[in-house]
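Because only heavy atoms are used, hydrogens play no part in the values below, and waters and symmetry mates are left out as well, while side chains stay in. Worth saying up front: this structure is predicted, and the values here are computed from it rather than measured. Both counts, for ligands and for their atoms, begin at 1 and track the order of listing.
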Amino acid sequence: MRCAVFSAKPYDIEFLSDAAKKCQHELEYFEVRLSPTSAKLAEGFEAVCAFVNDDLQRSTLQSLQRVGVKLVALRCAGFNQLDLTAARELGICVARVPAYSPHAVAEHTLALILSLNRKIHKAYQRVRENNFGLDGLMGFDLHGRTVGVIGTGTIGQNVVRILHGFGCNVLMYDVRQSDNCLALGCYCDLDRLFGESDIVTLHCPLNEATRYLINHDSIQKMKPGVMLVNTSRGGLVDTAAVINGLKTKQIGSLALDVYEEEGALFFEDLSQVIINDDVFSRLLTFPNVLITSHQAFFTEQAMHEIARVTMQSLTEFEQNQSLSNAIC
Ligand code: NAD
């Protein structure tokens, strides 16, 4: 089956090409993001493969339909970048990779928590400059601290398990409780979670119910000096409210792997470019903010699995089988 792969980076090409060989799919790679304009490049392809910051709103889907695309294979778990209603109306099937590594994002979340708490990012620079002083590097024991985990699905459950291993008290909130977590922490309502947690970490999807879950009001409910961590989706957090929380010290530290306007920044080398996003630039000025550019998923195992499941979706579609990982 012929598939046009958008937002293709060298690492995507490496893993997807390897997986495609095993099932004879023909992939063509486009570095450009998928958008209403670039969708024309998919002419002659039955499928497109897209990533988290590709635009899959109605006008892009209409352009894809016009050039004959019948399947969108998302090589990610989240699908907030896609208009599902439009895809259904246009008769375009959509598949995703719901769980490529249960560990990759959870482990990165802990990497952020530990780095931010023990100031590893600062220590690394200091030691390289022969500054062996400890002033400003003090952290706290994770053991015995209370951590609030919002969303206990595939990733959240692994975060809970790891935190339990560290000896943390884990508070959890989810619209659907998971039996796997019951012995590792305590489910509670959001107000209690915000009020009692030393660290709040987000693992729920971005949808209309969760957009700006972290806003001025919820920040005021948190413990002064709370550490906030978001490795889920940028839109869960009102960045302006968080900047205000950092300025007033209500938020003690912030770790982000995602950012609501990341589409204009992440995955690109912009080191020679003037950044026009003043909100993001303000975030970078805080000494207690640690940001990675949507790399939590990025492990060898996850990339293998993403490529394998994406090829499986193409095969199932080509053979008229029902898609194991369809979302519409
Ligand atoms: P999942 O579907 O397994 O789990 C999501 C959980 O959130 C479910 O238990 C669900 O019941 C819960 N939930 C839904 N609505 C909620 C609400 N309003 N409040 C609280 N909980 C709610 O998904 P997952 O695989 O664990 O992934 C979680 C999120 O992580 C994804 O939606 C995606 O946005 C993000 N993600 C980020 C990266 C990265 O590289 N940074 C990689 C993969 C996924």
Side-chain angles (χ1 to χ4, degrees), residues 7 9 11-12 50-54 56 74-82 84 94 96-113 148-163 170-182 184-185 187-194 197 200-215 218 228-237 254-260 262-263 265-267 290-306 309-310 325-327:
S7 298
K9 296 288 184 194
Y11 43 84
D12 295 309
F51 197 45
V52 290
N53 289 327
D54 284 309
L56 284 154
L74 295 172
R75 55 182 190 280
C76 53
F79 49 91
N80 54 285
Q81 73 278 43
L82 178 123
L84 267 182
V94 183
R96 64 173 178 142
V97 186
Y100 36 82
S101 158
H103 309 292
V105 181
E107 289 176 8
H108 191 75
T109 303
L110 264 293
L112 288 175
I113 292 173
V149 178
I150 302 181
T152 54
T154 316
I155 294 167
Q157 283 178 32
N158 278 285
V159 172
V160 168
R161 191 179 44 74
I162 299 170
L163 290 169
V170 185
L171 292 177
M172 303 170 291
Y173 172 77
D174 197 307
V175 288
R176 222 182 27 205
Q177 299 192 357
S178 158
D179 291 347
N180 297 339
C181 293
L182 291 175
L184 304 173
Y187 277 102
C188 64
D189 61 25
L190 270 181
D191 280 358
R192 178 173 168 210
L193 184 147
F194 288 142
S197 299
V200 172
T201 181
L202 308 177
H203 302 288
C204 55
L206 174 62
N207 55 39
E208 281 324 301
T210 59
R211 187 173 297 280
Y212 282 5
L213 180 73
I214 304 302
N215 54 41
S218 48
L228 178 65
V229 183
N230 186 9
T231 59
S232 194
R233 282 292 179 267
L236 296 174
V237 170
L254 172 73
L256 299 179
D257 186 54
V258 287
Y259 165 60
E260 54 179 323
E262 69 177 48
L265 301 169
F266 286 6
F267 306 128
L290 178 58
I291 304 178
T292 51
S293 55
H294 208 139
Q295 71 173 80
F297 73 98
F298 198 45
T299 66
E300 225 176 285
Q301 291 86 343
M303 290 298 288
H304 269 300
E305 193 57 11
I306 288 169
V309 174
T310 303
N325 296 302
I327 47 178

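At least one side-chain heavy atom of His108 sits under 4.5 Å from a side-chain heavy atom of Thr292. Under the 4.5 Å side-chain criterion, counting only non-hydrogen atoms from C-beta, Val149 is not in contact with Leu171. When side chains are defined from C-beta on, Val237 does not count as touching Tyr212, because their heavy atoms never get closer than 4.5 Å. For the pair Ile150/Leu193, a side-chain contact is recorded, criterion being any heavy-atom separation below 4.5 Å from C-beta on. No side-chain heavy atom of Phe297 sits less than 4.5 Å from a side-chain heavy atom of Gln295.
Not a single donor-acceptor pair under 3.5 Å links the side chain of Thr154 to the backbone N or O of Pro102. Counting only distance, with no hydrogens or angles, the side chain of Ser293 and the backbone of Phe266 share no donor-acceptor pair below 3.5 Å. A donor-acceptor pair under 3.5 Å links the side-chain atoms of Tyr187 to the main chain of Ser178, judged by distance alone. Formation of a donor-acceptor pair under 3.5 Å by the Asn207 side chain with backbone atoms of Thr210 is found in this model. The closest donor-acceptor contact from the side chain of Arg233 to the backbone of Pro205 lies at 3.5 Å or more, if one exists at all. Without hydrogens or angle criteria, Ser101 side chain to His103 main chain gives a donor-acceptor distance under 3.5 Å. Judged purely by atom type and a 3.5 angstrom limit, Ser218 uses its side chain to pair as donor or acceptor with the backbone of Leu213.
In terms of protein heavy-atom proximity, atom 32 (O) of ligand 1 is closest to Pro205 CA, 3.3 Å. Nearest protein heavy-atom contact of atom 36 (N) of ligand 1 is Arg233 NH1, 3.7 Å. Of the protein's non-hydrogen atoms, Asp174 OD2, 2.6 Å is the one closest to atom 9 (O) of ligand 1. Scanning all protein heavy atoms for the shortest distance to atom 42 (C) of ligand 1 gives Tyr100 OH, 2.8 Å. Closest protein heavy atom to atom 44 (C) of ligand 1: Ile155 CD1, 3.6 Å. The single protein non-hydrogen atom nearest to atom 21 (N) of ligand 1 is Cys204 CB, 3.5 Å, given as residue, atom name and distance. Among all non-hydrogen protein atoms, the one lying nearest atom 4 (O) of ligand 1 is Gly153 CA, 3.2 Å.
The heavy atom nearest to atom 16 (C) of ligand 1, out of those in Val258, Asn80, Val149, Val175, is found in Val175.
Results of the side-chain contact (heavy atoms from CB on, under 4.5 Å) test with Asp257 over Ile291, Val105, Val229, Thr231 single out Thr231 as the only residue that passes.
Residue contact check: Ala296 has heavy atoms under 4.0 Å from atoms 39 (C), 40 (O), 41 (N) of ligand 1. Taking a cut-off of under 4.0 Å to the non-hydrogen atoms of Tyr173, the atoms of ligand 1 that pass are 19 (N), 20 (C). Near Thr231, the atoms of ligand 1 lying under 4.0 angstrom from a non-hydrogen atom of the residue are 37 (C), 38 (C), 39 (C), 41 (N).
Within the 4.0 Å heavy-atom shell around ligand 1 one finds Ser232. Every heavy atom of Phe298 sits 4.0 Å or more from the atoms of ligand 1. A heavy-atom separation below 4.0 Å is not found between Leu206 and ligand 1.
Contact annotation for Leu213 and ligand 1: no heavy atom of the residue comes within less than 4.0 Å of the ligand. Neither the backbone nor the side chain of Gln295 has any atom closer than 4.0 Å to an atom of ligand 1 (non-hydrogen atoms only). Counting heavy atoms closer than 4.0 Å to ligand 1, residue Phe79 contributes nothing at all.
For atom 27 (O) of ligand 1, a protein heavy-atom neighbour is present inside the 4.0 Å cut-off. The presence of a protein heavy atom under 4.0 Å from atom 23 (O) of ligand 1 is ruled out.
Considering backbone and side-chain N/O of Thr210, none are found under 3.5 Å from N/O of ligand 1. At under 3.5 Å, a nitrogen or oxygen of Phe297, whether backbone or side chain, sits near a nitrogen or oxygen of ligand 1. At least one N/O-N/O distance between Thr154 and ligand 1 falls below 3.5 Å. Taking any N or O of Asn207, backbone or side chain, none lies under 3.5 Å from an N or O belonging to ligand 1. In terms of polar-atom proximity, defined here as any N/O pair under 3.5 Å, Asp257 does make such a contact with ligand 1. Taking any N or O of Val105, backbone or side chain, none lies under 3.5 Å from an N or O belonging to ligand 1.
Nearest approach of Cys204 to Leu236, heavy atoms of both residues: O-CD1, 3.6 Å.
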#### Entry: Intermediate values then yes/no, side-chain hydrogen bond (donor to acceptor under 3.5 Å, both in side chains), Asn53 and Glu262
CA-CA 8 Å; Asn53 289 327; Glu262 69 177 48; 3.2 Å; yes
